[in-house]
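In the text below, chain A, chain B and the rest are named by the order of the sequence lines, each starting its count at 1.
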Protein chains: 2
Amino acid sequence: MEDKSQYGRMLKKENLRNTSHRQSILEALEASKEPVSAETLYLTLREKGISISMSTVYRALDVLAEKNIIVKTDFTDNNKSLFEIKREEHRHHLVCVKCRSVIPVMECPFHEYARALERQFGFSITGHKLEMYGYCRKCSESMDKSGNAP
Amino acid sequence: MEDKSQYGRMLKKENLRNTSHRQSILEALEASKEPVSAETLYLTLREKGISISMSTVYRALDVLAEKNIIVKTDFTDNNKSLFEIKREEHRHHLVCVKCRSVIPVMECPFHEYARALERQFGFSITGHKLEMYGYCRKCSESMDKSGNAP
DNA sequence: GTGCAAATGCGAATCAGTCGCATTAAGGAG
DNA sequence: CTCCTTAATGCGACTGATTCGCATTTGCAC
Ligand SMILES: [Zn+2]
Ligand SMILES: [Zn+2]
Ligand SMILES: [Zn+2]
Ligand SMILES: [Zn+2]
C-alpha cells in the first residue's frame with residue numbers, strides 16, 4: 001500500500017481505531033520483504049524510535065490477522081509465529097530446513113482443487129496455507145560436498 | 001501398520017531402541033483417526049493404564065518425527081503441535097475454524113507444481129504441508145440459520 | 001470540548017515445550 | 001544367562017512466547 005490514509009481506511013472499514021501504533025506496525029510489515037516475528041517487529045519499531053510495548057504489538061497483530069489485514073503463519077521448529085502484510089498476491093513458501101531461509105512463491109495452483117473438495121465434503125474453504133520443506137540451493141550444494149545426503 | 005514387530009523394525013532401522021513406551025505411542029497414533037497433541041496422547045496412554053511422563057511423550061514424539069516415522073503439524077490458533085502416524089498415503093487437512101474438526105484429504109495435486117518449483121529455484125523439496133481453513137458442513141449450516149455469515 | 005469505549009503499558013501469569021541429572025532398562029558381547 | 005555400555009525415562013525446575021488484569025490514555029462521534 002502506498003500512503004498512510006490507505007491504512008486508515010482499511011482500519012475504519014473493520015471498525016478498528018486508526019492509532020499511530022497500528023499505522024507503524026502496518027508500515028513496518030509493508031516494508032518487510034519477509035514474514036517477521038512479533039519480537040523482530042517490536043525491535044524494528046524501537047529502533048525507529050517508536051515507543052511501544054510487546055503487549056501492544058501482540059494485540060495489534062492479533063486483531064489485524066483476525067480482520068484479515070495481515071497474515072499469521074507458523075512455520076514449525078522455533079515455535080514462533082510470523083506475520084506479514086496481506087498483499088494482493090497470495091503466496092506460498094519454500095522453507096529450508098537447514099538454514100531456515102524462506103523463499104516466497106507466487107503461483108497458486110490451488111483453486112480447482114479447492115472447489116472439488118468443497119463439493120466433495122460440503123466444506124466451505126475460506127483460506128489455505130501451503131508450506132514446502134526441503135533444502136535450498138546453497139544447503140544442498142554444501143551437503144553434496146560434505147557427503148551428507150539430505 | 002499391522003503388528004507390533006513392524007514398529008520394532010522401523011525403530012531399529014533408525015537406530016532407536018524399541019522401548020515399550022515408543023511402541024505404545026506408535027500404537028496410539030496408529031489407532032487415532034486424526035492428529036493428536038502431546039497432551040491428548042499422554043492422557044490416552046494414562047487411561048490405558050500406561051505409566052509414562054510428559055517429558056517422555058515429548059521426547060519420543062520429537063525423535064519419531066525427526067526420523068520421519070511420524071509427522072508433526074502445527075495448525076495455528078491454539079499453538080499446540082499435533083502428531084500423526086506417517087501413513088503410506090500422504091494427506092492434507094480441512095480444518096474447521098469454528099468447531100476445530102479436522103477432515104483428512106487423500107488427494108495431492110501438487111507433484112508437478114513441486115517439480116516446477118524445484119527447477120525454478122534450485123530448491124530440493126522433501127515435503128510439504130497443506131492446510132485448508134474454513135467451515136465444515138455442520139458449522140456453515142448452523143451459521144446460515146442464525147444469519148451469521150461465515 | 002465532553003464522554004465513553006477502545007487501545008495501550010506494565011508486570012504478572014500462563015502454558016507448551018525443554019533441560020539437567022539421577023535412575024532404569026535395551027540389547028549386544030561373551 | 002550375566003555383565004556392561006549407553007540410550008531412554010522420570011521428575012521437577014526452567015524457559016520463552018504469548019496472554020491477561022487493571023489502571024491510564026487516546027481516538028473519535030456528538
Ligand atoms: Zn538452506
Ligand atoms: Zn495458494
Ligand atoms: Zn465445524
Ligand atoms: Zn500433498
Side-chain angles (χ1 to χ4, degrees), chain A residues 4-5 7-26 28 35-46 49-67 69-83 100, chain B residues 4-5 7-26 28 35-46 49-67 69-83 100:
Chain A
K4 315 195 172 186
S5 66
Y7 294 134
R9 263 174 264 134
M10 295 171 73
L11 293 169
K12 188 168 294 180
K13 198 174 73 172
E14 299 294 346
N15 273 77
L16 296 176
R17 287 188 182 171
N18 177 21
T19 67
S20 63
H21 284 157
R22 287 178 180 157
Q23 289 270 349
S24 310
I25 287 174
L26 288 169
V36 294
S37 67
E39 194 184 6
T40 304
L41 179 56
Y42 170 76
L43 294 173
T44 306
L45 294 173
R46 305 292 292 203
I50 296 165
S51 163
I52 190 173
S53 76
M54 277 299 288
S55 344
T56 301
V57 172
Y58 275 111
R59 279 191 281 230
L61 290 172
D62 273 359
V63 71
L64 293 172
E66 192 180 307
K67 298 299 190 177
I69 295 171
I70 67 176
V71 181
K72 180 177 183 175
T73 312
D74 296 89
F75 297 138
T76 58
D77 248 55
N78 60 354
N79 83 331
K80 272 177 160 177
S81 297
L82 302 181
F83 300 83
R100 296 270 108 203
Chain B
K4 314 192 173 187
S5 66
Y7 294 133
R9 261 174 263 134
M10 294 169 74
L11 292 169
K12 187 168 294 178
K13 199 174 73 174
E14 298 292 347
N15 274 76
L16 296 176
R17 289 186 182 174
N18 177 21
T19 68
S20 63
H21 284 158
R22 286 177 182 161
Q23 289 272 348
S24 311
I25 287 174
L26 288 168
V36 295
S37 68
E39 194 185 5
T40 303
L41 179 56
Y42 171 76
L43 293 174
T44 305
L45 294 173
R46 305 293 292 203
I50 295 164
S51 164
I52 191 172
S53 76
M54 276 300 288
S55 342
T56 301
V57 172
Y58 276 112
R59 280 192 279 230
L61 290 172
D62 274 358
V63 72
L64 292 172
E66 192 180 307
K67 297 300 189 177
I69 296 171
I70 67 177
V71 181
K72 179 176 183 177
T73 312
D74 297 272
F75 298 139
T76 58
D77 248 56
N78 61 354
N79 82 331
K80 274 176 158 178
S81 296
L82 301 181
F83 300 84
R100 295 270 108 204

Requested in this report: Using the closest heavy atom to pick a nucleotide of DNA chain D for each, name whichever of A/Met54 or A/Arg59 lands nearer the 5' end.
Outcome: A/Met54
Report task. May I have the step-by-step check of side chain to side chain contact (heavy atoms under 4.5 Å, CB included) for B/Leu26 and B/Ile70, ending in yes or no? Result -> CA-CA 8 Å; B/Leu26 288 168; B/Ile70 67 177; 3.9 Å; yes
Query raised in the report: Could a donor-acceptor pair under 3.5 angstrom be found where the side chain of B/Ser55 meets the base of D/dC11?
Result: yes
Query raised in the report: Once you round to the nearest 0.5 Å, how far does CG of A/Asn18 lie from OH of A/Tyr7?
Result: 11.5 Å
Requested in this report: By nearest nucleotide on DNA chain C, pick out whichever of B/Asp62 and A/Ser53 is the more 5' one.
Outcome: A/Ser53
Query raised in the report: Rounded to the Å, how far apart are A/Leu43 CG and D/dA17 C1'?
Result: 14 Å
Report summary line: Separation of D/dT9 atom P from B/Ile50 atom CD1, nearest Å, is 12 Å
Requested in this report: Examine the base of D/dG27 for any acceptor or donor lying under 3.5 Å from a partner atom in the side chain of A/Arg22, and report the outcome as yes or no.
Outcome: no
Requested in this report: Taking only the side-chain nitrogens and oxygens of B/His21, find out if one of them lies under 4.0 Å from OP1 or OP2 of D/dA8.
Outcome: no
Query raised in the report: Does any N or O in the side chain of A/Arg22 come within less than 3.5 Å of the main-chain N or O of A/Arg17, such that one atom is a donor and the other an acceptor?
Result: yes
Requested in this report: Round to the nearest Å and state the distance from A/Lys80 atom NZ to C/dG17 atom P.
Outcome: 16 Å
Protein-nucleic acid N or O pairs under 3.5 Å, nucleotides 28-30 of chain D:
{"unit_1": "D/dC28", "atom_1": "OP1", "unit_2": "A/Asn18", "atom_2": "N", "d": "2.9"}

Requested in this report: Identify whether any heavy atom of A/Ser51 sits under 4.0 Å from a base atom; if not, whether one sits that close to sugar-phosphate; answer base, sugar-phosphate or nothing.
Outcome: sugar-phosphate
Requested in this report: Report yes if the side chains of B/Glu39 and B/Val57 come closer than 4.5 Å at any heavy-atom pair, otherwise no.
Outcome: no
Report task. Taking only the side-chain nitrogens and oxygens of B/Ser37, find out if one of them lies under 4.0 Å from OP1 or OP2 of C/dA16. Result -> no
Report task. Decide yes or no for B/Ile50 and B/His21: does some side-chain heavy atom of the first lie under 4.5 Å from some side-chain heavy atom of the second? Result -> yes
Query raised in the report: Nearest-Å distance, CD1 (A/Ile25) to C1' (C/dA7)?
Result: 11 Å
**Report entry** Presence of B/Tyr58 side-chain N/O under 4.0 Å of C/dT18 phosphate oxygens OP1/OP2
**Finding:** no
Report task. Whole angstrom is fine here: how far is it from CG in B/Leu64 over to P in D/dA8? Result -> 10 Å
Query raised in the report: Are any non-hydrogen side-chain atoms of A/Lys67 and A/Leu11 less than 4.5 angstrom apart?
Result: no
Query raised in the report: Between atom CD1 in B/Ile52 and atom P in D/dC11, what is the gap in whole Å?
Result: 11 Å
Query raised in the report: A/Ile25 versus A/Leu64: any side-chain heavy-atom pair under 4.5 Å?
Result: yes
Report task. Return the value, rounded to whole Å, for the distance between atom CD of A/Gln23 and atom C1' of D/dT26. Result -> 15 Å
Report summary line: When rounded to whole Å, the CG to C1' distance for the pair B/Asn15 and D/dA8 reads 14 Å
